[in-house]
Structure formats: structure tokens, C-alpha cells
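Notes for the one structure printed next.
In the text below, chain A, chain B and the rest are named by the order of the sequence lines, each starting its count at 1. Computed from heavy atoms alone, side chains included, the values below leave out hydrogens, waters and symmetry copies.
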Protein chains: 2
Amino acid sequence: MTDFLYPSKWLSKASAGDRVTCELRMRIISGLIESGAIISENKLAADFAVSRSPVREALKVLASENIIRLERMGAVVIGLTEKEIEEIYDVRLLIETFVFERLVRMDVTELVKELSKILEMMKVAIKYQDADEFSYQDLLFHETIIRSINHSYMLMIWNNLRPVMESFILLSMRARFQEKYEDFDRIIKNHKLYIEAIQTKERTLMVQSLHQNFDDVQGKVDDLWMSQQMLSKGVETEND
Amino acid sequence: MTDFLYPSKWLSKASAGDRVTCELRMRIISGLIESGAIISENKLAADFAVSRSPVREALKVLASENIIRLERMGAVVIGLTEKEIEEIYDVRLLIETFVFERLVRMDVTELVKELSKILEMMKVAIKYQDADEFSYQDLLFHETIIRSINHSYMLMIWNNLRPVMESFILLSMRARFQEKYEDFDRIIKNHKLYIEAIQTKERTLMVQSLHQNFDDVQGKVDDLWMSQQMLSKGVETEND
DNA sequence: TCAAGTATACTTGTATACAAGTATAATAAA
DNA sequence: TTTATTATACTTGTATACAAGTATACTTGA
């Protein structure tokens, strides 16, 4: 059995179904379970030492996230290619510009304070080289912005996107902490710019920040591939 | 027991879980199950004469659609207020403008042909006063446009939105066929304009069409309320 | 009358059992 | 050797059973 890829401390109060969902998602996005592979409920249940009920639940969720496809016999792994990652960021760009347009008509002092706090947390996470914590705060940063406009359907989209992004970011950040430590300065700077854009409500700053964020995606994609290669090398011998 | 609100012919090959999901969604959005009500798995299972397994499945789906909220004891019905309907159309506007921007860089002859076909179908549905069929074709129209750009995450958003919209449109169209028959001329005209916008790739036409579509939403909302009132009157005596 | 503790009737989450259907493999016939 | 048919070993979807936890109501004590 492979070790768990998903941070175990994030699952302290989670059900077996949630555990399987999160871990399976990580294994798929990391490439540990290869795209095109066929996974069956029974096999997964045996793998995770649980019954089919939580596994079924997990497969339903992952299918709604578009990383597997449920067929008559077994589920087919879709995974996350470069194209899909770009598409995710298309959606994020769409959501976040929408949110920004709402924010310019709102009082943002509370939000800016909250974001500043999260930014501090991110810095601490970097200082202690805690990739998982950094990923968590990074996601929280964007989620906080989206939540602030109280738009249940924008939040719904975010909630659908979130888990896949979480996996993706976790993996790429873990790789970056090992290889490209200096990147984090840029990420922090960009988030600071983001806060500034919200505070001043200047569209130009916002566009600038989003673009920089975009440029960063290519880096993330590279790191995901790196992470996938690292993992596949690590388990090469375990594949029966 | 109440009659089924969801078109039974759309469920010919569906599982018990799907049946419960669709029917429950209709009952919630129609207001037959009131917002704020607490529904439990056991009770629903008894109501639908199935076991808890398909009911659980249904509740998970409806929770991801934001029309119920899963709590420790029982699920709380959220329903669909005017605010949420507006929000859904915010998302649709966002998606469809994005799609349009992609379409202007594509060959749209195939798409336009397909859309024209669907428009014809819609006309037939009107002629025979088939509200359900009309709703189906209306949704298919927009889904076809979105599918055409091959963007899996835009499609994902659509798929998350679709079921709620389906219920909403079904109910409002049924009401309209009874009360505001002349509205359909306008709807058809607007869809024709939409096709034209795609064909000519003119943004001005597109904006015009989307705006008209928007104006129509208010009408739809009115009709949903009407439908809710009609239904609640119909079942008044059945409430124990 | 009121407070604290206990019983009870719920709830969810998971495991298991079973029915119905489908692909693969093995067997029989040409 | 190839084709048709039957077995078998899978698959999913649903029902049921059980464990653990939670709110409500009731009882008991002061």
C-alpha cells in the first residue's frame, strides 16, 4: 500500500467516504493512478479497507469534478491534463473578475483586513516550509474573496472547483518548496497586489494581478509534472 | 401521495436514485416542500417507497446544487428565492459570454445548423402546447452552444447549474402555456437573434440577445411564483 | 417548581447481502 | 480454424442491518 498523499490532519473529523474521496483525488491528480485506468468499486474498497458505500460516494463526487467518468463497468480515470488546468484558470478568472466588479460597490475594509491576516499566515507557512499549510492559506485567500460578495452560485462554482484545485496546488507547492523556493516571494508579492487592487478598487491593478497569477499557472503546471514524475519513480517497484 | 412533478418519460431508464433526485428537486423548487422544512432520509425513503441508499444519493446531489443543506440531523430545505434565480442568470451570462468569445474564433456552421434544428423543435413544441418538450429543447439549445467549444470546466459549471434550471424552466413554462401563450413568440424571436449573433459573430447582437433573455427572467420568476401558488392550492387539503 | 440526569426515539455513516445485468472466457458445433 | 453458445466472474444499484452519536422527553431528586 502507498502512503497517503492527502494531509491526514485535514481529515481529523472526516468520514470514511471523505477520506477515500480526498485520497483518491490526490492519487489521480498526482498521476499515481494513471489517466485511462479503470477502477472498480470493489477493488477500491479493498484497497482502502472500507465497504463499497463510502467508495461509491467518493466516485460520485469525483465524477462530478470531472476527474473520473462513471461507465457501466468500472470508472475510467480522466485525470488532469494541461488543457484542463488552463480551463480551471479560465473559470477562476471569470469568477474573480465578476467578484471584483461586485466588490467595487461594497465596503471592503473588513475583507482587506481578513486578507491581510491570511497573507501573514502564508508568510509564516513559507518561513517554516510548510507546503500544506501554505496551500491551505492560498486557497482560503481566494475563497474569502469569493465568499465576501454573498453570491451562492458563484460560491457553488468555487466549491465544485475547489477540491481539484486543492489537490493540484498541494502537489505543485510541495514540489516548489523543494526546488524553487524563490518563487514564493513572487506569489506573496502578487497576493499583496491583489489586496491592494481590492482596497483601491482599481481595475488596472486587478487585471495586472490576475495576469501575474496566470503566468504563475504555467509554473504550477511544470511543478505538477515534476511531482508526478517524482511520485511515479517512487512507486515504480510497487506496481505489480 | 402527491403526483409526480417531473416528466416520467424522462426517467424511463433512470435508477431509483435519479428518480428521487429529480422528483425531490421539483418538489423543492416548486415550493411543494417549503423552504426551511427539515427532511430526513428515513421519511423520504418511506415517501418514495425506496430504501435509504437512493435517498442518500439524492440528498448529496441536491446539497451540491445548493437547494438543500445537509446538517447533523436531517437536511434543511433552502429552495429557490428570487435572489438565487438572479444569481443563476449571473452565472449563465458569465458562461455564455465566455463561450461567445471562443465561438468568434471558430467555425460555427455546424453549430448554427444544429441550433436551427432545435429552434424548429421548439416551435413544434409550442404548436402542440407541450411545455415539457419545449423546456427540454430550450435547455438543449443552450447546452449545445456550451458544448460546442469543448471546454470541460465550462461544461462542468453548466452541468451543476442544469438540473435546477431544468426544474425552474419546467415549472415556469407549464404556467406560461396556460396563462401567457403570447410570450413564446418573443422567446422564439430571441433565440433566433441568438443564432444570428453566433452566425455573424457580432458582439452587439449577442449583448442584445442576452439582455432580452435577461428581461425574460423576471417573467419566469413571476411564473414560478404563480406555479407555486397553483400547486400549494392544489395540495392544501392533502397536508396533514 | 425547577434542575439534573436518564431513557428513548430519532439521526447519520458504514457494512453486508442480494438481484439484475454485462463482459470475458471457455466450450461445443460446424 | 472459425463461429455460436453457454458459464462464470465480474459489474452496478438497492435493500437491510448495525453501530455510534444526538436531540427530545421524561423521570427523579431537591
CA sep, side-chain torsions, deciding dist, call: A:Glu84, A:Asn66, side-chain contact (heavy atoms from CB on, under 4.5 Å): CA-CA 10 Å; A:Glu84 268 118 27; A:Asn66 238 304; over 6 Å; no

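- With sequence neighbours excluded, the residues forming a ring pair (Phe, Tyr, Trp, His ring centres under 6.0 Å) with A:His151 are A:Phe98, listed by chain and number.
- Remark: the backbone N or O of A:Ala175 is not paired with any side-chain donor or acceptor of A:Gln178 at under 3.5 angstrom.
- Side-chain N or O atoms of A:Gln137 include none that pairs as donor or acceptor with a backbone N or O of A:Leu119 at under 3.5 Å.
- Using a 4.0 Å cut-off on heavy atoms, none of the residues of residues 17-26 of chain A approach DNA chain D.
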Sequence-aligned protein contact record of nucleotides 17-26 of chain C, with B where the base is within under 4.0 Å of a protein heavy atom and S where only the sugar-phosphate is: B---BBS---

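- Within the 3.5 Å criterion, the main-chain N or O of B:Ser152 finds a donor-acceptor partner in the side chain of A:Glu87.
- At most 12 heavy atoms of other shown residues, nucleotides or ligands fall within 6.0 angstrom of atom OH in B:Tyr136.
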Distance-only donor-acceptor hits, side chain of residues 7-14 of chain B, under 3.5 Å, sequence neighbours excluded:
none

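- Remark: the backbone N or O of B:Tyr6 is paired with a side-chain donor or acceptor of B:Glu23 at under 3.5 angstrom.
- Taking a 4.0 Å limit (strictly below) on heavy-atom distances, residues 36-46 of chain A does not reach DNA chain C anywhere.
- Between B:Ser40 and B:Asn42, the side chains place no donor N or O within less than 3.5 Å of an acceptor N or O (distance only, hydrogens not considered).
- Dashed line: the shortest gap from a side-chain N or O of B:Ser51 to OP1 or OP2 of D:dT14 is not under 4.0 Å.
- Partner of B:Phe184 under the side-chain contact (heavy atoms from CB on, under 4.5 Å) criterion, chosen from B:Met122, B:Arg176, B:Lys127, B:Lys123: B:Arg176.
- When A:Lys60, A:Arg25, A:Arg162 are each tested for a salt bridge (Lys or Arg N to Asp or Glu O under 4.0 Å) with A:Glu65, only one passes: A:Arg25.
- Near DNA chain C, defined here as any heavy-atom distance below 4.0 Å, the residues from residues 53-65 of chain B are B:Arg56, listed numerically.
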